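To start, the structure itself, in structure tokens.
All chains are named by letter (A, B, ...) in the order of the sequence lines, taking the proteins before the strands, and each is independently numbered beginning at 1. From a predicted model like this one, the values you see are computed outputs, not experimental measurements. Excluded from the calculations below are hydrogen atoms, water molecules and symmetry mates; all remaining heavy atoms, backbone and side chain alike, are included.
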There are 2 protein chains.
Amino acid sequence: MEEMGKKCDCDQCQLKTLFFSHIGTDELSDICEIKREENFAPGEILINEGEPIREFIYLKEGLVKLSKRTKNSKEQILSFSKPFDFVSLLSVFSSDIYKYSVTALQPTTICMINLEVVKIFAQRNAMFAMDLMSRISEATDKIILDNLEIKRKNLKGRVAHLLIYFADNIFNNSEFELPVSRREIADYIGMTTENVIRALSEFRKDKIIKIYGKDIQVLDMQRLEIISELG
Amino acid sequence: MEEMGKKCDCDQCQLKTLFFSHIGTDELSDICEIKREENFAPGEILINEGEPIREFIYLKEGLVKLSKRTKNSKEQILSFSKPFDFVSLLSVFSSDIYKYSVTALQPTTICMINLEVVKIFAQRNAMFAMDLMSRISEATDKIILDNLEIKRKNLKGRVAHLLIYFADNIFNNSEFELPVSRREIADYIGMTTENVIRALSEFRKDKIIKIYGKDIQVLDMQRLEIISELG
DNA sequence: ATTAGGACATGATAATTATCACACGATAAT
DNA sequence: ATTATCGTGTGATAATTATCATGTCCTAAT
């Protein structure tokens with residue numbers, strides 16, 4: 001968790017157009033002055049469930065998991081998020097404490113702005129507020145739709161779904177390094193670790209994927225898609 | 001689906017304070033002029049998945065289900081909503097077509113306002129926009145949290161969870177008439193109809209509930225809660 | 001160097017859930 | 001009146017998933 005960025009490069013920020021598109025250049029430099037950038041190594045916790053929400057946070061770079069702890073302290077994973085799928089947005093306007101934890105899975109950079117400042121901006125600039133709303137809706141809609149998809153599949157279908165998700169949405173490559181453990185996959189799809197491992201092993205035996213530890217190579221995407229669809 | 005309400009009684013509306021609290025009396029009478037009220041009988045469809053979103057809709061009275069159709073045309077139920085848990089909000093700002101269907105389970109009254117008008121209000125009145133955001137976040141947070149709860153439970157725990165939900169959140173009574181079929185319960189908790197029936201039968205045999213068709217009487221709420229928690 | 005713990009892996013067995021078959025009553029359609 | 005359909009209900013059996021046991025490999029801690 002290392003402090004960064006004194007210089008104001010917000011106008012260079014790739015994310016600027018995404019949800020600051022309705023903020024003028026002068027206002028943007030104001031934001032630039034007060035924003036803070038932070039880096040997190042894989043495994044580091046960005047946000048801890050139960051903490052008060054003080055900052056508005058968005059993902060600039062990296063990959064994170066959103067999770068929640070059950071009463072018997074097991075972890076349930078809600079979603080994985082990359083830049084543009086926002087993070088702190090979820091509970092920001094419905095609660096004053098975080099309902100979910102956020103943990104880095106890959107080296108991650110976030111940008112933080114004091115929440116009160118964002119609220120003032122939103123009150124002054126309705127188009128900005130509308131943009132925020134769209135982002136909230138999109139992020140939560142994704143989570144809800146994805147969870148529905150997973151719910152209707154069986155073990156193999158769920159694991160296939162996840163592999164396709166990483167290949168197509170996160171890495172844009174049929175070969176990638178799993179950024180999560182087998183247990184995390186289990187916590188996400190709602191099955192046991194053993195069964196996740198078994199499903200992966202079967203995919204390997206059926207020559208649908210190759211496995212070298214965390215490295216996955218999808219050999220037969222078509223079959224994986226069929227399994228995800230019918231499973 | 002019967003047209004209603006010419007007279008402007010928005011200032012009498014119980015919901016007014018909830019999300020129109022930042023709209024002045026003069027603006028409110030403008031809204032009142034353009035709003036439309038509609039009634040739906042149980043089983044009638046308020047919103048059909050795939051339809052364009054033209055109206056901003058909120059529940060004034062009644063009970064609805066939010067659902068989505070899978071590719072093999074099975075129904076998945078996302079949530080049940082009563083007034084204050086908003087409805088059309090979900091996809092309103094993230095898409096221009098509805099991603100979910102909404103169906104009345106009990107006699108239901110909705111209030112509709114042209115979406116463009118609402119957007120103009122939101123742009124003019126930032127506090128109103130902030131209120132809207134809170135509502136969206138709350139509604140979606142509820143769905144996400146509830147689905148997580150269900151995910152970690154087994155068959156009996158899920159059925160118990162649903163019974164408690166109806167008793168405590170919808171009817172405020174340990175005795176109530178199920179507003180849904182056994183199949184709809186199954187579509188909600190992600191199990192088969194037969195197993196939902198079996199779970200209910202077992203609760204009956206164990207004297208935890210009484211069943212007269214759709215009428216349910218919870219005899220032992222404590223035991224039901226234990227089942228919901230541990231199940 | 002040794003120990004402890006965690007991630008990955010596999011097999012055996014138990015528990016849970018789905019599927020199929022059948023039945024009955026109510027209701028809608030003709 | 002009769003057929004068809006749907007919701008409810010139960011039992012038998014099959015399929016799926018969880019649990020428990022065990023082992024290996026790797027890494028962190030001492």
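When heavy atoms are screened at a 4.0 angstrom cut-off, B:Arg204 is found touching the sugar-phosphate backbone but no base atom. Residue B:Lys214 is classed as a sugar-phosphate contact, given heavy-atom separations below 4.0 Å to backbone atoms only. In this structure, A:Ser201 reaches the sugar-phosphate backbone alone: every heavy-atom distance under 4.0 Å involves primed, P, OP1 or OP2 atoms, never a base.
Side-chain proximity of B:Ile197 to D:dT8, C:dT19, D:dT17: nearest is D:dT8. The listed nucleotides are D:dT17, C:dT17, D:dT19; the one nearest the side chain of B:Met191 is C:dT17. Listed nucleotides C:dT16, D:dA18, D:dG9 differ in distance to B:Asn154; the shortest reach to its side chain belongs to C:dT16.
Atom CD of B:Glu202 and atom C1' of D:dG11 are 13 Å apart (whole Å). Atom CZ of A:Arg183 is separated from atom C1' of C:dG6 by 9 Å (rounded to the nearest Å). In this structure, the CZ atom of B:Arg158 is 7 Å from the P atom of C:dT17, given to the nearest Å. Residue A:Phe203 contributes atom CZ, which lies 16 Å from atom C1' of C:dA9 at whole-angstrom precision. C:dT17 atom P lies 14 Å from atom NZ of A:Lys151, rounded to whole Å. The distance from atom CG of B:Leu200 to atom P of D:dT10 is 10 Å, rounded to the nearest whole Å. In this structure, B:Leu155 atom CG and D:dT16 atom P are separated by 18 Å, rounded to whole Å. Atom P of nucleotide C:dA18 and atom NZ of A:Lys153 are separated by 17 Å, given to the nearest angstrom.
When all heavy atoms of B:Ser81 and B:Leu59 are compared, the closest pair comes out as O-CD1, 3.5 Å.
Heavy atoms from other residues, nucleotides or ligands lying under 6.0 Å from CZ of B:Arg54 number 12 at most. In A:Glu61, the CD atom is not crowded: 12 or fewer heavy atoms of neighbouring residues, nucleotides or ligands sit closer than 6.0 Å.
For a distance-only test at 3.5 Å, the side chain of A:Glu194 fails to qualify as a donor-acceptor partner of the base of C:dC8. Residue side chain B:Arg198 reaches the base of C:dT19 through a donor-acceptor N/O pair under 3.5 Å, judged by distance alone.
By the 30° and 60° cut-offs, the orientation of the rings of B:Phe171 relative to B:Phe176 is parallel.
Rounded to 10 degrees, the angle separating the terminal helix axes of the helix from C:dA1-D:dT30 to C:dT30-D:dA1, each built from five base pairs, is 40°.
Formation of a donor-acceptor pair under 3.5 Å by the A:Arg223 side chain with backbone atoms of A:Asp206 is found in this model. Formation of a donor-acceptor pair under 3.5 Å by the B:Thr108 side chain with backbone atoms of B:Ala104 is not found in this model.
Nearer the 5' end of DNA chain D, as judged by each residue's closest nucleotide, is the contact made by B:Ser181, out of B:Ser181 and B:Lys205.
Within the structure, every side-chain polar atom (N or O) of B:Asn195 is placed at least 4.0 Å from both OP1 and OP2 of C:dT17. One finds a side-chain N or O of B:Arg182 lying less than 4.0 angstrom from the OP1 or OP2 phosphate oxygen of D:dG9.
Here the options are B:Glu75, B:Glu184, B:Glu49, the test is side chain to side chain donor-acceptor pair (under 3.5 Å), and the partner is B:Ser67; only B:Glu75 passes.
Using a cut-off of 4.0 Å between Lys/Arg side-chain N and Asp/Glu carboxylate O, B:Glu194 and B:Arg182 are scored as not salt-bridged.
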